[in-house]
Every structure is written in C-alpha cells, then in structure tokens.
Amino acid sequence: RALGELGPLINIPQTWNNCGPASVAEVLAYWGIDRTQAQVQAVLRVNGIGRGMSPYGVPSYARSVGVQALVGVGGSETMIKDLISNGFPVIVSQLVSLADPIGHYRPIEAYDDTQGIFTSSDPYLGPGHQITYADFATMWTHTGNGFIVFYPASRQTNLAAVLAAANWSKAAAYRHDLGRLKAGRQDTPPVGAPESVAHGYHYLAMAWDEAQLGDKKD
C-alpha cells in the first residue's frame, strides 16, 4: 500500500545514550508489555551511561518478558513497509541524522509513499519524527541495515510470510553482512564506545554473524 501505519507508538524520551532501551520499551508497550526504559536498560545496557546498547542480548531479553525478537541485518525499504502494514513495529539501527552522525536506535511506526517519508516515534528527536526515504537509506547503511522486530510467538508464521514476501533471507543477509565486516568496510561499536575498543566490537559483530549462520566454533 502507498500508506501504512500502526501507531502512534507511545513516545519515551530517552535518557543519556539510552535510545536502545527507550525504543525497546516503546515497542514492548505496543504488544501490551509495560517496561520502563530504566528496566530495559538494567538488562540490555549494563555497562553504564557511557555506552550504548548492543543488540546481542535482545533475543534472550525478549523471551524473558514473553515475546520473541528477530535481530536482523540487510533490511530493505520494502521490508519495513511490509512489516508496518502487517502490524509489526520495527526498530532500526542507523544514525541520528546526516548532520549528526551518531549511532541511534529508533522505532518506525508509519510510512507514506506520496510524501516519501518514514515516521518514527523517536526517543531522541520526539514523536512523529519524519525522515525522507533517501536520508533513511543513507543513514541505515551505517549498520548494514540492521533492525529488530519484537513479536508474540503466535505471530511467528505471519512474520515469516512478511519477510519472505519482502525477499529477506536470514542466511543470505548474514552471509552478506559477514563479508562486509571481514572486508573491514565498517565497524559497529555501540554509541559512546571509545575508539580504543571499536576493533573489538568489529570482531564481536563478526562472531555474531557467524553464530547466526550456525558456525559456533571458538
């Protein structure tokens, strides 16, 4: 469809470097699960206010509150539109803006092809924040088009059908992302991580990709 929306999501203004937990809390509220950003932060951002949120603990945290989570890479504009049209909020990992190129999580709640915009309940920039498709695509490449989808287990089949319709394959997406990381084209340190540890996060990202592809060797 030319238009799609599932919100508005509640807007939770983030505390310092807390865009990830605030975004998670917003989407959990959509599914009827009440958690504050501080409660989410206590599990997913245990390294303190000087660090952002890594996505690797999200699936186990989701299970602990009664839902499932897909942490993906290689997302597309079509995929986001299909998810929203089918009632799945999606958290994207990108930049605050082209003028402020800091890593940032934001939930996407709507799109409009007639205006060429996505709308986010942005924990930093506020409710109803609009981003043009062109700017969105540019900012998203920072993380290899990373995204997170929370969903009830009862909607697993529906989610799989939506992703298939959008031509998203977990194996293909993670193989491509692993190649990108091995080529050294991008590092993926969390927001606030010092440059001295960025190389370590780069290898952590590669290890995560390999695990998603079933390679769990030491």
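Hydrogens, waters and symmetry mates are skipped; everything else that's a heavy atom, side chains included, is used. Just so we're clear, the structure is a prediction, and the values are computed from it rather than from any experiment.
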> Can you find a pair of side-chain heavy atoms, one from Val162 and one from Tyr151, that are under 4.5 Å apart?
Replying inline: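 No. Closest side-chain heavy atoms not under 4.5 Å.
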
>> Does any part of the side chain of Val73, heavy atoms only, come nearer than 4.5 Å to the side chain of Gln212, both counted from C-beta?
In response: no

Can you see which heavy atom on [X] is nearest to which on [Y], and at what distance?
| X | Y | answer |
| --- | --- | --- |
| Pro123 | Ala22 | CB-CB, 3.7 Å |
| Ala69 | Val58 | CB-CG1, 3.9 Å |
| Asn145 | Gly75 | ND2-O, 2.8 Å |
| Leu6 | Phe88 | CD2-C, 3.5 Å |
| Leu44 | Met53 | O-CG, 3.5 Å |
| Pro89 | Trp31 | CD-CZ2, 4.1 Å |

Donor-acceptor check, side chain of [X] to backbone of [Y], threshold 3.5 angstrom: yes or no?
| X | Y | answer |
| --- | --- | --- |
| Ser120 | Pro107 | yes |
| Asp82 | Leu163 | no |
| Arg106 | Val96 | yes |
| Thr143 | Ser93 | yes |
| Gln37 | Pro13 | yes |

From [X] atom [atom1] to [Y] atom [atom2], the distance as rounded to the nearest 0.5 Å:
| X | Y | atom1 | atom2 | answer |
| --- | --- | --- | --- | --- |
| Leu83 | Asn158 | CG | CG | 9.5 Å |
| Gln41 | Thr15 | CD | OG1 | 5.0 Å |
| Ile84 | Glu109 | CD1 | CD | 8.5 Å |
| Thr138 | Gln94 | OG1 | CD | 10.0 Å |
| Tyr111 | Ile80 | OH | CD1 | 11.5 Å |
| Leu125 | Gln130 | CG | CD | 12.5 Å |

Between [X] and [Y], how do the two ring planes meet: parallel, tilted or perpendicular, split at 30° and 60°?
| X | Y | result |
| --- | --- | --- |
| Tyr124 | His104 | perpendicular |
| Trp208 | Tyr56 | tilted |
| Tyr133 | Phe118 | tilted |

> Can you tell which of Ile12, Ile91, Ile108, Val40 makes a side chain to side chain contact (heavy atoms under 4.5 Å, CB included) with Ser23?
Replying inline: Ile91

If hydrophobic clusters are built from ILVMFWY residues whose side chains come within less than 4.5 Å, do [X] and [Y] share one?
| X | Y | result |
| --- | --- | --- |
| Tyr174 | Leu159 | yes |
| Ile10 | Val24 | no |
| Ile117 | Val90 | no |

>> Would you say CG of Asp34 has more than 12 non-hydrogen atoms from neighbouring residues, nucleotides or ligands within 6.0 angstrom?
In response: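 At most 12 heavy atoms, drawn from other residues, nucleotides or ligands, come within 6.0 Å of this atom.
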
> If you count the non-hydrogen atoms of other residues, nucleotides and ligands that lie under 6.0 Å from CD in Glu5, is the total more than 12?
Replying inline: no

>> Taking the ring centre of each residue, are Phe147 and Trp168 less than 6.0 Å apart?
In response: yes

